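Notes to accompany the following structure.
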Amino acid sequence: SLNREQRPGMIGQGVEIAKVERIRDFYIDDRIIDETTNQGFWKSRNDYLYRIQMIHNEPDDKNIRSLMDQFWNSMQEVANNPSEVAVREVARERAGTLMAQVNHTAEQFIGIQKEVNHTIITRVDEINNIAESIRQLNVQIKRSENVGDNPNDYYDRRDLLVENLSKMADVTVGRSDSREFIVFLGNVRLVQGETRAHINTVADPANRGYVNLMWDNMIDPEPVRINGGELRGLLDLRDKDIDYQIRQINSLVANFTDLVNEIHRDGFDLNSNTNIDFFRSLPITQNANGDYDLNNDGTPEITALFKVSG
């Protein structure tokens, strides 16, 4: 019979493995990171923008546009039959239905905005966890390299973590120093060898209590600048896209009620009274100056001018 070698690294009857070496193209790796960042940005926007679209384009007739058309039709009926109590009641009911739908639509947008804010907090926690995992792998890799090992499994796991990280934010890998593996988030070192930075989520009273992202530096905290990835998409959605929709609804209601009240004040009720508003304004705070305490800390953050309700 043939003798077989029993030493580690021997295969068959005489082939010895010298080493297992990874072949990586850093240029392709960096391209994958960049494209993964872009994909994360657009995917996060696509998911929520579709929901925003569905709020505006509800499948039935109960949306702001159709209810506003019904209200104008009822007001035309009042103009044609001003002495009819029934047509006046119809106009009043349709006005109430319209305002209820406006409030419901605004509440839906605010609900999505809060959900996006919660998702931002979750993604920041994931980034911190991934950064810690990369730091731990750096420690294990350095120990293996110091004893002459080639820890390919650790390398692969670290590359996968960086790719997962790139979905959420614009990260780059610094390779100028072969002794240290560095991951940059913007211009800040998120991970450098055996150390890492930490991101905090801090509530901003000036932005409805939604969180800002700050580097964990107790002396002089600095904002985290996110320029890509899912987090950038979520921040834009919360602070720009959804906020714009809310402001548009507020503007629509303010102009609509002003216009209706202006015309209505020139008319007369069944008792010949005039100069009466059709819509009335309700304060959102009991404070005489309109001050509003967003986070209930005893200090008013904003002053409310008015809120219109039918």
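Here the structure is a predicted model, which means the values were calculated and not measured.
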> With a 4.5 Å heavy-atom cut-off, do T97 and F71 have their side chains touching?
Replying inline: no
>> So for atom CZ, which belongs to R225, do other residues, nucleotides or ligands contribute more than 12 heavy atoms lying within a distance under 6.0 Å?
In response: no
> Between L234 and V116, what is the shortest heavy-atom contact and its length?
Replying inline: O-CG1, 3.3 Å
> Who pairs with Q248 by side-chain contact (heavy atoms from CB on, under 4.5 Å), at least two apart in sequence or on another chain?
Replying inline: Y244
>> Could you check whether any side-chain N or O of N63 sits under 3.5 Å from a backbone N or O of S66, counting only pairs where one atom can act as donor and the other as acceptor?
In response: yes
> Checking side chain to side chain donor-acceptor pair (under 3.5 Å) for the pair Q245/D241: CA distance, chi angles, key distance, verdict?
Replying inline: CA-CA 6 Å; Q245 297 296 326; D241 300 296; over 6 Å; no
>> I want to check something: taking the side chain as every heavy atom from C-beta on, are R247 and D243 in contact at a cut-off of under 4.5 Å?
In response: yes
> Do V102 and I55 belong together in a cluster built from hydrophobic side chains that touch within less than 4.5 Å?
Replying inline: yes
> What distance separates T105 OG1 from I110 CD1, expressed to the nearest 0.5 Å?
Replying inline: 11.0 Å
>> I'd like to know if the side chain of N129 and the backbone of D125 have a donor-acceptor N/O pair within less than 3.5 Å.
In response: yes
>> If I take atom CG from residue L213 and atom CD1 from residue I121, how far apart are they, to the nearest 0.5 angstrom?
In response: 9.5 Å
> Do you see a donor-acceptor pair shorter than 3.5 Å between the side chains of Q136 and E132?
Replying inline: yes
> Would you say R45 has more than 12 foreign heavy atoms packed within less than 6.0 Å of its CZ?
Replying inline: yes
> To which residues is L270 joined in a hydrophobic cluster, defined by side-chain heavy-atom contacts under 4.5 Å among Ile, Leu, Val, Met, Phe, Trp and Tyr, whether direct or through other members?
Replying inline: V85
> Which atoms form the tightest heavy-atom contact between S144 and Y154, and what is the distance?
Replying inline: OG-CE1, 3.9 Å
> Is there a donor-acceptor pair under 3.5 Å between the side chain of S272 and the backbone N or O of F268?
Replying inline: no
> Atom CG in D239, atom CG in N207: separation rounded to 0.5 Å?
Replying inline: 5.0 Å
> Just wondering, do R88 and E84 contact through their side chains at under 4.5 Å, heavy atoms?
Replying inline: no
> For E145 and K142, what are the C-alpha separation, side-chain angles and deciding distance, and is it a salt bridge (Lys or Arg N to Asp or Glu O under 4.0 Å)?
Replying inline: CA-CA 5 Å; E145 290 175 341; K142 188 172 183 180; over 6 Å; no
> Please walk me through it: do D236 and R232 pass side-chain contact (heavy atoms from CB on, under 4.5 Å)?
Replying inline: CA-CA 6 Å; D236 286 349; R232 181 69 269 166; 3.0 Å; yes
> Is any NZ, NE, NH1 or NH2 atom of the basic residue among D153 and R157 found under 4.0 Å from an Asp or Glu carboxylate oxygen of the other?
Replying inline: no
> So which pairs with a foot in residues 111-123 pass salt bridge (charged side-chain N to carboxylate O under 4.0 Å, His left out), sequence neighbours left out?
Replying inline: R51-E115, R123-E126, R123-E230
> Measuring from I64:CD1 to H56:NE2, what's the distance to the nearest 0.5 Å?
Replying inline: 7.5 Å
>> For residues L49 and I249: do they belong to one hydrophobic cluster (side chain heavy atoms under 4.5 Å, members Ile, Leu, Val, Met, Phe, Trp, Tyr)?
In response: yes
> Does V253 share a hydrophobic cluster with V260, counting links as ILVMFWY side-chain heavy atoms below 4.5 Å and allowing steps through other members?
Replying inline: yes
> Which atoms form the tightest heavy-atom contact between A95 and F278, and what is the distance?
Replying inline: CB-CE2, 3.4 Å
> Do any N or O atoms from the side chain of N200 and from the backbone of M214 form a donor-acceptor pair under 3.5 angstrom?
Replying inline: no
> Counting only N and O atoms by type, is there a donor-acceptor contact under 3.5 Å from the side chain of T37 to the main-chain atoms of K167?
Replying inline: no
> Would you say the side chain of V90 lies within less than 4.5 Å of the side chain of E77, judging by non-hydrogen atoms?
Replying inline: no
> Hey, is the main chain of N227 close enough, under 3.5 Å, to the side chain of D170 for a donor-acceptor pair?
Replying inline: yes
> CZ of R143: more than 12 outside heavy atoms within 6.0 angstrom?
Replying inline: no
> Can you tell me if R238 uses its side chain to pair, donor with acceptor, with the backbone of N117 under 3.5 Å?
Replying inline: no
>> Is there a side-chain contact (heavy atoms from CB on, under 4.5 Å) between D156 and L160? Walk through the geometry before answering.
In response: CA-CA 6 Å; D156 291 340; L160 179 60; over 6 Å; no
>> Run the side-chain contact (heavy atoms from CB on, under 4.5 Å) test on I130 and M168 for me, step by step, so that the C-alpha distance in whole Å, both residues' side-chain angles and the decisive distance to 0.1 Å come before the verdict.
In response: CA-CA 11 Å; I130 291 177; M168 292 178 279; 3.5 Å; yes
>> Counting only heavy atoms from other residues, nucleotides and ligands, does the tally under 6.0 Å from NE2 of H198 exceed 12?
In response: yes
> Under a 4.5 Å cut-off applied to non-hydrogen side-chain atoms, are I242 and I52 in contact?
Replying inline: yes
> Under the ring-ring contact (aromatic ring centres under 6.0 Å, His included) test, which residues partner W72, sequence neighbours left out?
Replying inline: F256
> What's the spacing between M68 CE and N73 CG if we round to 0.5 Å?
Replying inline: 12.5 Å
Show me the donor-acceptor pairs within less than 3.5 Å that the side chains of residues 185-195 make with the rest of the protein, sequence neighbours left out.
residue: R189; atom: NE; partner: Q192; partner atom: OE1; Å: 3.4
residue: Q192; atom: NE2; partner: E180; partner atom: OE1; Å: 3.1
residue: T195; atom: OG1; partner: Q192; partner atom: O; Å: 2.9

> Taking a hydrophobic cluster as the set of Ile, Leu, Val, Met, Phe, Trp and Tyr residues connected by side-chain heavy atoms closer than 4.5 Å, whether directly or through intermediates, do I182 and L165 fall within one such cluster?
Replying inline: no
> Would R208 and I246 count as a side-chain contact (heavy atoms from CB on, under 4.5 Å) if you check the C-alpha gap in whole Å, the side-chain angles of each, and the deciding distance to 0.1 Å?
Replying inline: CA-CA 13 Å; R208 303 180 184 176; I246 295 173; 3.3 Å; yes
> Roughly how far apart are I226 CD1 and I127 CD1, rounded to 0.5 Å?
Replying inline: 5.5 Å
> Does a side-chain heavy-atom distance below 4.5 Å link W215 with I199?
Replying inline: yes
> Does any non-hydrogen side-chain atom of N128 lie less than 4.5 Å from one of V124?
Replying inline: yes
> Looking at side-chain heavy atoms only, is the closest gap between I32 and E163 below 4.5 Å?
Replying inline: yes
> How does the hydrophobic cluster around W42 look, that is, which other residues are in it when side-chain heavy atoms under 4.5 Å mark a link?
Replying inline: F41
> Would L67 end up clustered with V78 when hydrophobic side chains under 4.5 Å apart are linked, directly or stepwise?
Replying inline: no
> Where do G209 and A203 come nearest, in terms of heavy atoms and distance?
Replying inline: O-CB, 3.5 Å
